[in-house]
2 protein chains.
Amino acid sequence: MMNAMHYTRDNMAELLRSHDINPTHQRIEIAHALFSRQEHLSADQVMAIVNTRHSETSKATVYNTLRLFLDKGLVREVIVDPTKVFFDPNTSPHHHLYEIDTGRLSDIDAGQVRISGLPPLPAGMVTEGIDLIVRVRRKA
Amino acid sequence: MMNAMHYTRDNMAELLRSHDINPTHQRIEIAHALFSRQEHLSADQVMAIVNTRHSETSKATVYNTLRLFLDKGLVREVIVDPTKVFFDPNTSPHHHLYEIDTGRLSDIDAGQVRISGLPPLPAGMVTEGIDLIVRVRRKA
DNA sequence: CACCAATTTGGACTTTGTCTAATATCCGGA
DNA sequence: TCCGGATATTAGACAAAGTCCAAATTGGTG
Ligand SMILES: [Mn+2]
Ligand SMILES: [Mn+2]
Ligand SMILES: [Zn+2]
Ligand SMILES: [Zn+2]
């Protein structure tokens with residue numbers, strides 16, 4: 001669960017190992033981009049961040065790595081903008097607030113929120129997750 | 001709200017007019033595709049349906065028209081699949097059930113569902129909508 | 001019919017994401 | 001240290017969804 005402190009690259013390596021991911025140079029940089037910011041980032045943004053340093057990580061590797069992180073449960077995917085997927089370093093259950101005009105995406109703690117009265121699932125189905133998105137707009 | 005009966009093309013023209021949309025041939029066909037099926041359709045699917053007849057409607061027109069319908073509040077957009085947007089002829093408040101493996105998308109009536117405990121909105125913001133998506137998968 | 005505004009259209013273009021075959025890196029054993 | 005195989009990275013071609021624009025069509029009015 002990573003109990004805070006600084007998001008050093010060493011700690012990123014540690015985090016990756018603890019999720020059964022071989023900590024390569026590129027993977028560490030990508031994890032660092034996400035976790036040090038604690039923000040929702042698109043693949044494009046991740047690539048831009050990682051390549052401002054020097055490391056030169058390819059597009060293929062960025063996409064491969066983000067998918068690997070997803071599979072290993074290190075990050076979460078947020079689908080809220082039809083033009084791109086966001087990757088979320090916060091994997092604890094929470095919801096999202098999406099500002100339509102600006103594209104800003106922020107977390108809503110799941111603590112207080114209660115969702116009740118959902119109908120039973122179709123037989124043979126299991127819930128993979130419940131996404132709650134509050135879409136807001138600046139008042140006219 | 002369109003109180004049922006048959007979704008004839010004449011009724012579609014009526015519906016469009018009532019939403020302040022000039023009922024052209026192409027627009028009627030697109031509305032008919034959505035409303036006669038009462039399903040969530042992607043732009044691609046709409047185009048395929050409309051063009052199985054004869055009318056030959058261009059891609060540009062399909063996209064233009066769907067956006068027009070959105071603006072006029074005739075249909076709703078559902079963002080649930082990162083690869084395409086779905087258009088929903090059901091504009092009454094409701095939620096969605098998404099079957100991850102198959103891509104099937106179905107409605108959850110908002111009647112029973114209650115969402116409580118959402119934090120107050122940031123100042124100067126108004127809620128445009130609340131999307132609740134239950135993602136399910138076939139049990140392993 | 002002639003005119004004008006609204007609508008439609010083909011096709012070029014952009015963006016996001018995928019795929020593949022070649023290369024590079026890493027690691028354990030001889 | 002050198003080798004061999006597995007793992008990881010890469011460039012760039014490709015695909016799919018969506019946007020844009022200038023040209024052509026349509027449809028009503030005078
Ligand atoms: Mn898109
Ligand atoms: Mn896409
Ligand atoms: Zn989040
Ligand atoms: Zn729906």
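Throughout, protein chains are lettered first and strands after them, A, B, ... in sequence-line order, and every chain is numbered starting at 1. FYI, side chains are in, hydrogens and waters are out, and symmetry mates aren't considered; it's all heavy atoms of this structure.
- Two residues are said to be in side-chain contact when any heavy atoms from C-beta on lie closer than 4.5 Å; A/Val78 and A/Tyr98 fail this criterion.
- Around atom CZ of A/Arg114, no more than 12 heavy atoms belonging to other residues, nucleotides or ligands sit under 6.0 Å away.
- Nucleotide C/dG17 holds its P atom 10 Å from the CD1 atom of A/Ile79, rounded to whole Å.
- Using a 4.5 Å heavy-atom threshold, the side chains of A/Ile130 and A/Leu118 count as touching.
- Between B/Arg67 and D/dT19 there is a side-chain polar atom (N or O) within less than 4.0 angstrom of OP1 or OP2.
- Atom-to-atom, CG of B/Asp44 to P of D/dA15 comes out at 15 Å; the value is rounded to the nearest Å.
- As a whole-Å value, the separation of A/Ile28 CD1 from C/dC26 P is 11 Å.
- Whole-Å rounding puts the B/Ile21 CD1 to C/dA6 C1' distance at 14 Å.
- Partners of B/His94 under the ring-ring contact (aromatic ring centres under 6.0 Å, His included) rule, at least two apart in sequence or in another chain, are B/His96.
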Show the distances under 3.5 angstrom between N or O atoms of the protein and N or O atoms of nucleotides 5-12 of chain D.
{"from": "D/dA8", "atom 1": "OP1", "to": "A/Arg27", "atom 2": "NH1", "distance (Å)": "3.0"}
{"from": "D/dT9", "atom 1": "OP1", "to": "A/Thr24", "atom 2": "OG1", "distance (Å)": "2.6"}
{"from": "D/dT9", "atom 1": "OP1", "to": "A/Gln26", "atom 2": "OE1", "distance (Å)": "3.1"}
{"from": "D/dT9", "atom 1": "O3'", "to": "A/Gln26", "atom 2": "NE2", "distance (Å)": "2.9"}
{"from": "D/dT10", "atom 1": "OP1", "to": "A/Gln26", "atom 2": "NE2", "distance (Å)": "3.4"}
{"from": "D/dT10", "atom 1": "OP1", "to": "A/Glu56", "atom 2": "O", "distance (Å)": "2.9"}
{"from": "D/dT10", "atom 1": "OP2", "to": "A/Ser58", "atom 2": "N", "distance (Å)": "3.0"}
{"from": "D/dT10", "atom 1": "OP2", "to": "A/Ser58", "atom 2": "OG", "distance (Å)": "3.3"}
{"from": "D/dT10", "atom 1": "OP2", "to": "A/Thr61", "atom 2": "OG1", "distance (Å)": "2.9"}

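- If you take CG of B/Leu66 and P of C/dT8, they are 12 Å apart, rounded to a whole angstrom.
- For B/Arg37 (side chain) and B/Ala33 (main-chain N/O), a donor-acceptor pair under 3.5 Å exists by modelled atom type.
- Residue B/Tyr63 has no polar side-chain atom (N or O) positioned under 4.0 Å from OP1 or OP2 of D/dT19.
- At a threshold of 4.0 Å, the pair A/Arg135-B/Glu128 does not count as salt-bridged, since none of the basic side-chain nitrogens sits closer than that to a carboxylate oxygen.
- The distance from atom NZ of B/Lys84 to atom P of D/dT19 is 15 Å, rounded to the nearest whole Å.
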